[in-house]
Asks: 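Next up is a structure, given as structure tokens.
Given the structure is predicted, the values throughout are model-derived calculations rather than measurements. All residue numbers refer to positions in the sequence shown, counting from 1.
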Amino acid sequence: MSTIVIVGFPGAGKSTIGRKLADKLNMTFIDLDLYIEEKYHTAIPLLFQKYGESAFRTLEYAALQEVLNTENAVIATGGGTACHENAMSLINAHTHSVYLKLTEDQLVDHLLHSKKKRPLTNHLSEPELREYVRKNLAAREPYYLQAQEIWTLDSLPL
């Protein structure tokens, strides 16, 4: 079996679904954000704060290149991973890609109730969060739609 990479907006459930899928398929699970935190011994929000988003994306892309060599794995990417450089081309060339597609309302709900601190959204009010999701989903979705498969919450193979 080949490696599966899950892409999608922050809060879509990539890590949760990825972990369940890896268990079901008896594959290794890699959360790219956790991989980066372990590699640099620093939490993602602190990397954002210390180096800025652009430098973080460079670190993230390098980490993606490293984990794509893992055989029989399910990899959950960060929400912006697919949108940096030629990440989707790289992902599609080496793995089977899946876009975990949620509606704007589902994403806002997930982000509002998430326990995970997200550097780009944790300070936003609900109306600001809704605007952030609307604007950024429109910008990011063309990258996500390059995935080889699209799953919604109603079509998960679990």
Asks: Is Leu34 reachable from Ile30 through a run of I, L, V, M, F, W or Y residues, each pair having side-chain heavy atoms under 4.5 Å apart?
Replies: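 No, because Ile30 and Leu34 fall into different hydrophobic clusters, even though each may have its own neighbours under 4.5 Å.
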Asks: With sequence neighbours left out, write down each residue that passes ring pair (Phe, Tyr, Trp, His ring centres under 6.0 Å) with Phe56, or none if nothing qualifies.
Replies: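 Checked Phe56 against ring pair (Phe, Tyr, Trp, His ring centres under 6.0 Å); matches are Phe48.
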Asks: Does the side chain of Thr103 come within less than 4.5 Å of Leu153's, by heavy atoms?
Replies: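 Result no, sub-4.5 Å side-chain heavy-atom pair not found.
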Asks: Name all pairs fulfilling the salt bridge (Lys or Arg N to Asp or Glu O under 4.0 Å) condition that reach into residues 36-50, sequence neighbours left out, sorted by first residue then second.
Replies: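 As it turns out, the salt bridge (Lys or Arg N to Asp or Glu O under 4.0 Å) pairs with a partner in residues 36-50, which skip direct neighbours, are Lys39-Glu66.
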Asks: Under the salt bridge (charged side-chain N to carboxylate O under 4.0 Å, His left out) test, which residues partner Asp154, sequence neighbours left out?
Replies: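 In terms of salt bridge (charged side-chain N to carboxylate O under 4.0 Å, His left out), with neighbours along the sequence ignored, Asp154 is linked to no residue.
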Asks: Please list all pairs passing the ring pair (Phe, Tyr, Trp, His ring centres under 6.0 Å) test where one or both residues lie in residues 16-42, with sequence neighbours left out.
Replies: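 Applying ring pair (Phe, Tyr, Trp, His ring centres under 6.0 Å) to every pair that reaches into residues 16-42, excluding sequence neighbours, yields nothing.
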Asks: Among the clusters formed by ILVMFWY side chains lying less than 4.5 Å apart, do Tyr51 and Leu46 turn up in the same one?
Replies: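 As far as the 4.5 Å side-chain criterion goes, Leu46 and Tyr51 are not connected within one cluster.
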Asks: Report the residues that fulfil salt bridge (charged side-chain N to carboxylate O under 4.0 Å, His left out) with Glu149, sequence neighbours left out, ordered by chain and then residue number.
Replies: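 For Glu149, no residue satisfies salt bridge (charged side-chain N to carboxylate O under 4.0 Å, His left out) once neighbours in sequence are set aside.
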Asks: Do Leu90 and Gln65 come within less than 4.5 Å of each other through their side chains, counting heavy atoms only?
Replies: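 In contact.
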Asks: Kindly write out the residues that satisfy side chain to side chain contact (heavy atoms under 4.5 Å, CB included) with Asp109, not counting sequence neighbours, or none if the list is empty.
Replies: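 Testing Asp109 for side chain to side chain contact (heavy atoms under 4.5 Å, CB included), a comparison that skips the adjacent residues, returns His113.
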Asks: Name all residues meeting the side chain to side chain contact (heavy atoms under 4.5 Å, CB included) criterion together with Glu128; count only those two or more places apart in sequence or in a different chain, and write none if there are none.
Replies: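 So Glu128 forms a side chain to side chain contact (heavy atoms under 4.5 Å, CB included) with Leu124, Ser125.
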Asks: Can you give me every donor-acceptor pair (side chain of residues 79-87, partner residue at least two apart or in another chain, under 3.5 Å) with its distance?
Replies:
unit_1	atom_1	unit_2	atom_2	d
Thr81	OG1	Glu60	OE2	2.7
Thr81	OG1	Gly78	N	3.0
Thr81	OG1	Gly78	O	3.1
Asn86	OD1	Tyr61	OH	2.3

Asks: Please name the pair of heavy atoms, one in Ser97 and one in Ile91, separated by the smallest distance, quoted to 0.1 Å.
Replies: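 Closest heavy-atom pair between Ser97 and Ile91: CB-CG2, 3.7 Å.
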Asks: Nearest 0.5 Å, what's the OG1-NE2 distance between Thr3 and His96?
Replies: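 Those atoms lie 11.5 Å apart.
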Asks: What pair of heavy atoms forms the shortest contact from Met27 to Asn72, and how long is it?
Replies: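 For Met27 and Asn72, the tightest heavy-atom pair comes out as CB-O, 3.3 Å.
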Asks: Under a 4.5 Å cut-off applied to non-hydrogen side-chain atoms, are Ile150 and Leu145 in contact?
Replies: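 Yes, their side chains come closer than 4.5 Å.
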Asks: Could you give the distance from OG1 (Thr95) to CG (Asn69), rounded to the nearest 0.5 Å?
Replies: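 One finds 11.0 Å between OG1 of Thr95 and CG of Asn69.
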Asks: Could you walk me through whether Leu25 and Ile4 pass the side-chain contact (heavy atoms from CB on, under 4.5 Å) test, one step at a time?
Replies: CA-CA 11 Å; Leu25 299 174; Ile4 299 167; 3.9 Å; yes
Asks: Just to verify, what does Glu141 make a salt bridge (charged side-chain N to carboxylate O under 4.0 Å, His left out) with, not counting sequence neighbours?
Replies: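 Listed in chain order: Lys101.
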Asks: Do Val5 and Leu68 have side chains that get closer than 4.5 Å, going by heavy atoms?
Replies: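 A side-chain contact under 4.5 Å exists here.
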Asks: Rounded to the nearest 0.5 Å, what's the gap from OG1 on Thr77 to CG on Leu32? Could you check?
Replies: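 Spacing of OG1 (Thr77) from CG (Leu32) equals 7.0 Å.
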Asks: Once salt bridge (charged side-chain N to carboxylate O under 4.0 Å, His left out) is applied, do any residues pair with Glu131, and if so which ones, sequence neighbours excluded?
Replies: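 Glu131 satisfies salt bridge (charged side-chain N to carboxylate O under 4.0 Å, His left out) with Arg134 only.
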Asks: Which pairs would a plain distance check flag for residues 6-20, meaning a side-chain donor or acceptor within less than 3.5 Å of a matching protein atom at least two apart in sequence or in another chain?
Replies:
unit_1	atom_1	unit_2	atom_2	d
Lys14	NZ	Gly8	O	3.1
Lys14	NZ	Phe9	O	2.9
Ser15	OG	Asp31	OD2	2.5

Asks: Please list, chain by chain and in numerical order, all residues satisfying side chain to side chain contact (heavy atoms under 4.5 Å, CB included) with Leu112, sequence neighbours excluded.
Replies: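 Side chain to side chain contact (heavy atoms under 4.5 Å, CB included) check on Leu112 returns Val108, Glu126, Leu129.
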Asks: Quick one: does any side-chain atom of Asp33 pair with a main-chain N or O of Ile44 as donor and acceptor, under 3.5 Å?
Replies: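 Checking the backbone N and O of Ile44 against the side chain of Asp33, no donor-acceptor pair under 3.5 Å is found.
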Asks: Do Ser155 side-chain atoms and Trp151 backbone N/O form a donor-acceptor pair below 3.5 Å?
Replies: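 It does not hold such a pair.
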